[in-house]
2 protein chains.
Amino acid sequence: MEEKEISQAVVGRLPRYFRYLGELKDEGIERVSSQELSDIMQVTASQIRQDLNNFGGFGQQGYGYNVGFLYDEIGKILGLHREHNLIIVGAGHLGQALVNYMNFERRGFIFRGIFDKDSQVCGRKIRGITVQPMKEMESFVRENDIDIAVLTIPKTSAVEVAEQLAGCGIKGIWNFAHVDLRVPDRIQVENVHLSDSLMKLSYNLSSREFAE
Amino acid sequence: MEEKEISQAVVGRLPRYFRYLGELKDEGIERVSSQELSDIMQVTASQIRQDLNNFGGFGQQGYGYNVGFLYDEIGKILGLHREHNLIIVGAGHLGQALVNYMNFERRGFIFRGIFDKDSQVCGRKIRGITVQPMKEMESFVRENDIDIAVLTIPKTSAVEVAEQLAGCGIKGIWNFAHVDLRVPDRIQVENVHLSDSLMKLSYNLSSREFAE
DNA sequence: TCCTCCCTGTCAATTCATTGACATAATTTT
DNA sequence: AAAATTATGTCAATGAATTGACAGGGAGGA
């Protein structure tokens, strides 16, 4: 299926295309040209065509792109046509917030388990899912066909937990801990470093002041 | 201060340098060469030197970089040497999680107010801060020297709220709503699109399967 | 059916980012 | 004090990403 390696720059733009196409679809719009999309999304039409062509010719000359079709195709490319089983490790505020955020489920990302090392928290239910102790994690991952682990734990324990997860066949880690994980190549890690993001904003605020 | 424009690629790496330098500092290490940093951080030494030189010559030939000094300098570049006043708009799970996440305060990002449109939620206290109704937001921003607004609200209301914030002199928006905000150029927007991030992970999971 | 216009897919050109190479300066060793 | 080593700052070379240009394949109207 994948012939040439797709750059992460392109991959990073796919969800945004997907979002805008979804909106157009909801508005009942059937066709769209790269130029129209360009106007809406504030990227060049050339980039849109270039990006989409990495995955095949979805458009038609003289017509443009069929919104519904393109939406579905990008969804498939992103792997949204099938379900993913997730667990959350770390039942703190952030972990709970993610479990309660329904939009993930709508896209096929289903939370199957929650784990926490604090025995006080274990047994509590979050959105119908019982928090389990850490020692149950590895067997749970193996027995329930878990694809993705979401790490919402302090960085001190994240490295160790990532190793455990690597050992029991997890495929991907969505990492909110403020540390870079070293895992085998077969495991994909997607980092969400919130404080990095906030610092970037802070930088851009200060640099802006002097630019004037 | 800023002579040439620094690319966002560089800015995006600064927090990571900052983090690793902080760790070295905590370990009591005083000096580090670009080559040593390169080994630890898994980026090329050349890139490290190139990046740092955008902001000045922090190192010394034959010696390397002084960890503490470089840490402080990058902190200043990132604007962490002064406090930022923040408000949260949207007291849902995610908003609460962010308020409760102490690490931001440690870096000088102080939450001054929380706002929500749900009158049921207003009046409740989150970490000592009373949730206020939306109509108080604009005057609060003006009167309390608020720099940054954190949007943890659904996308439907985010656009409107962003406009209100633009009107009352906010400088930056940390946007967790799943929508692209259109605000005047003077306002910096940093997006955290969690579902985009998860979709990227999903893509990389599927593409990996076929690559083997 | 034919003609005109539209818009993609793709190639080429340009811009931007990363890596490599090295002259030079400070440190450390002898 | 001199020699050897270390490691920066910077320039040049390479590589990657974005933009521009256009041939040619439909679509839509007459």
Side-chain angles (χ1 to χ4, degrees), chain A residues 2-17 20-21 24 29-74 77 200 203-204 207, chain B residues 2-17 20-21 24 29-74 77 200 203-204 207:
Chain A
E2 313 295 311
E3 299 183 13
K4 58 172 173 295
E5 189 73 19
I6 306 292
S7 87
Q8 288 299 305
V10 174
V11 177
R13 285 190 292 265
L14 291 179
R16 190 152 177 267
Y17 293 136
Y20 275 90
L21 287 165
L24 289 175
I29 293 167
E30 278 182 1
R31 62 183 268 192
V32 69
S33 70
S34 60
Q35 186 54 56
E36 287 165 334
L37 252 189
S38 162
D39 294 339
I40 303 170
M41 294 184 62
Q42 315 268 42
V43 294
T44 62
S46 188
Q47 180 162 76
I48 294 171
R49 294 204 297 276
Q50 193 85 278
D51 284 350
L52 296 179
N53 257 90
N54 283 296
F55 304 97
F58 299 128
Q60 209 158 44
Q61 286 158 323
Y63 175 86
Y65 299 90
N66 179 287
V67 171
F69 175 73
L70 186 55
Y71 177 83
D72 290 344
E73 287 300 314
I74 295 181
I77 292 166
K200 248 194 292 178
Y203 171 86
N204 285 320
S207 76
Chain B
E2 312 297 310
E3 298 182 14
K4 58 173 175 294
E5 189 74 19
I6 307 292
S7 85
Q8 288 299 305
V10 174
V11 176
R13 284 190 293 263
L14 291 178
R16 189 152 178 269
Y17 293 136
Y20 276 89
L21 287 165
L24 290 174
I29 294 167
E30 277 182 2
R31 61 182 269 192
V32 69
S33 70
S34 59
Q35 187 54 58
E36 288 165 334
L37 252 188
S38 161
D39 294 340
I40 303 171
M41 294 185 61
Q42 314 269 43
V43 293
T44 63
S46 188
Q47 180 162 76
I48 294 172
R49 295 205 296 279
Q50 192 86 278
D51 283 350
L52 296 179
N53 257 90
N54 283 297
F55 304 97
F58 299 126
Q60 207 157 46
Q61 285 159 325
Y63 176 86
Y65 300 89
N66 179 288
V67 171
F69 175 74
L70 187 54
Y71 177 82
D72 290 343
E73 287 299 314
I74 295 181
I77 291 166
K200 248 195 292 180
Y203 171 85
N204 285 320
S207 76

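Since this is a predicted model, take the numbers as computed values, not measurements. The sequence lines fix the lettering, A, B, ..., with proteins before strands; numbering per chain opens at 1.
- The nearest whole Å value for the distance from the CD atom in Gln8(B) to the C1' atom in dC16(C) is 14 Å.
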Please list each protein N or O that sits under 3.5 Å from an N or O in nucleotides 28-30 of chain C, with the distance.
unit_1, atom_1, unit_2, atom_2, d
dT28(C), OP1, Arg31(B), NH1, 3.3

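- Residue pairs meeting the salt bridge (Lys or Arg N to Asp or Glu O under 4.0 Å) criterion with at least one member in residues 55-70 of chain A: none, sequence neighbours excluded.
- Closest to the side chain of Gln50(A), out of dA21(C), dA12(C), dT18(C), is dA12(C).
- Sequence neighbours left out, not one pair with a member in residues 56-70 of chain A passes salt bridge (Lys or Arg N to Asp or Glu O under 4.0 Å).
- From Leu70(B), atom CG reaches atom OH of Tyr20(B) across 15.0 Å, with rounding to the nearest 0.5 Å.
- When the side-chain hydrogen bond (donor to acceptor under 3.5 Å, both in side chains) test is applied to Glu30(A), no partner is found at least two apart in sequence or on another chain.
- Annotation: salt bridge (Lys or Arg N to Asp or Glu O under 4.0 Å) contacts involving residues 61-71 of chain A, sequence neighbours excluded, are absent.
- Within residues 32-46 of chain A, the residues having any heavy atom closer than 4.0 Å to DNA chain D are, in order of number, Thr44(A), Ser46(A).
- Counting to the nearest Å, the P atom of dA17(C) and the CG atom of Asp51(B) are 11 Å from each other.
- Spacing between atom CG of Asn66(B) and atom P of dA26(C) amounts to 16 Å, rounded to whole angstrom units.
- The interatomic distance linking Gln47(A) (CD) with dT8(C) (P) rounds to 15 Å, in whole Å.
- The side-chain contact (heavy atoms from CB on, under 4.5 Å) test applied to Asn204(A) returns Ser207(A), Gln8(B), Gln188(B), not counting sequence neighbours.
- Atom C1' of nucleotide dT10(C) and atom CG of Asn54(A) are separated by 12 Å, given to the nearest angstrom.
- With a cutoff of under 4.0 Å to any heavy atom of chain A, the contacted region of DNA chain D is bounded 5' to 3' by dA17(D) to dG28(D).
- Atom CG of Leu70(A) and atom C1' of dT8(C) are 13 Å apart (whole Å).
- Evaluation of the side chain to side chain donor-acceptor pair (under 3.5 Å) test over residues 52-66 of chain B, restricted to residues two or more places apart or in two chains, returns none.
- Listed by chain and number, the residues in a ring-ring contact (aromatic ring centres under 6.0 Å, His included) with Tyr71(B) are Phe18(B) (sequence neighbours excluded).
- Residues satisfying the side-chain hydrogen bond (donor to acceptor under 3.5 Å, both in side chains) test with Arg31(A), not counting sequence neighbours, are none.
- Projected onto DNA chain D by closest heavy-atom contact, Gly57(B) and Arg49(A) fall at different nucleotides, the more 5' of which corresponds to Gly57(B).
- Residues Val10(A) and Gln61(A) each lie close to DNA chain D; by heavy-atom proximity, the contact nearer the 5' end of the strand is made by Val10(A).
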Just distance, no hydrogens or angles: give the donor-acceptor pairs under 3.5 Å from side chains in residues 40-51 of chain B, sequence neighbours left out.
unit_1, atom_1, unit_2, atom_2, d
Thr44(B), OG1, Gln47(B), N, 3.1
Arg49(B), NH1, Ser34(B), OG, 3.0
Asp51(B), OD1, Arg13(B), NH2, 3.0
Asp51(B), OD2, Arg13(B), NE, 2.7
Asp51(B), OD2, Arg13(B), NH2, 3.4
Asp51(B), OD2, Tyr17(B), OH, 2.5

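- The interatomic distance linking Glu5(B) (CD) with dA17(C) (P) rounds to 11 Å, in whole Å.
- Note that CG of Leu52(A) and CD1 of Ile77(A) are 8.0 Å apart. Values are rounded to the nearest 0.5 Å.
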